[in-house]
Amino acid sequence: MDWCHYRFRSRWDLDAQPAAVFAVLADGADYPGWWPQVREVRRIDERSGAARFRSLVPYDLWVIVSEARQDPADNVLEIGFSGDLEGWARWTVLPHGNGTRALFEQEVVARKPLLRRLALPGRPVFRANHALMMRSGLRGLRAHLATKPARPSGPASPPYGGNAV
């Protein structure tokens with residue numbers, strides 16, 4: 001087993017229409033405004049950016065994020081990571097009841113030397129840290145969506161350049 005390899009999956013149920021959720025998730029540059037652990041996002045070009053993450057464990061993760069797929073028809077956003085984490089993450093946005101279910105999937109390998117050195121003893125802490133980050137992101141997105149005006153149903157129009165972080 002590679003102790004530096006992680007797979008994560010989260011399910012976020014939201015009281016907003018799929019198009020509104022998709023639009024917010026597709027705008028990676030806006031993540032620091034609603035997700036406290038996404039500390040910084042800098043656009044590199046129309047399909048990539050640099051991002052810094054920090055949760056409860058006191059270390060920063062820097063990654064280059066590259067858009068792999070932005071498909072409003074299928075409500076799928078996928079990005080690739082390189083840097084302190086290498087791999088991919090995907091949002092799938094689905095109608096659920098009167099709102100939306102956003103499925104988050106991520107598969108990464110830790111490349112940051114500290115994370116690699118602490119891979120075995122730190123694994124439970126790193127996984128708990130990620131879970132806390134995801135819970136905080138869900139709270140932040142719910143609050144953010146509650147302040148946005150309702151959008152009509154249907155596929156979202158992609159924002160400038162995308163880059164779902």
Donor-acceptor contact below 3.5 Å, side chain Asp45 vs main chain Arg47: yes
Residues Arg111 and Asp84 bridged, charged N to O under 4.0 Å: no
Asp15, CG atom: more than 12 neighbouring heavy atoms under 6.0 Å: no
Listed partners of Arg123 passing side-chain contact (heavy atoms from CB on, under 4.5 Å), at least two apart: Met1, Trp3, Tyr6, Arg127
Thr147 side chain to His144 backbone, donor-acceptor under 3.5 Å: yes
Under 4.5 Å side-chain linkage, directly or through intermediates, the cluster mates of Leu103: Leu94
Parallel, tilted or perpendicular: ring planes of Trp34 versus Tyr31, cut at 30 and 60 degrees: tilted
Whether His130 and Phe8 hold their rings parallel, tilted or perpendicular, with breakpoints at 30° and 60°: parallel
Apart from Trp88 itself, residues in the same hydrophobic cluster as defined by side-chain heavy atoms under 4.5 Å: none
Evaluation steps, side-chain contact (heavy atoms from CB on, under 4.5 Å), between Phe126 and Leu115: CA-CA 9 Å; Phe126 300 152; Leu115 296 181; 3.5 Å; yes
Pair Glu67 + Arg69: basic N to acidic O under 4.0 Å: no
Heavy-atom pair with the smallest gap, counting every atom of Val41 and Ala29: CG1-CA, 3.9 Å
Under 3.5 Å: donor-acceptor pair, side chain of Gln17, backbone of Asn98: yes
Full working for side-chain contact (heavy atoms from CB on, under 4.5 Å) between Val24 and Phe22: CA-CA 6 Å; Val24 171; Phe22 184 91; over 6 Å; no
Backbone N/O of Ala110 and side chain of Arg116: donor-acceptor pair under 3.5 Å: yes
Full working for side-chain contact (heavy atoms from CB on, under 4.5 Å) between Lys112 and Trp62: CA-CA 9 Å; Lys112 186 170 183 140; Trp62 282 96; 5.7 Å; no
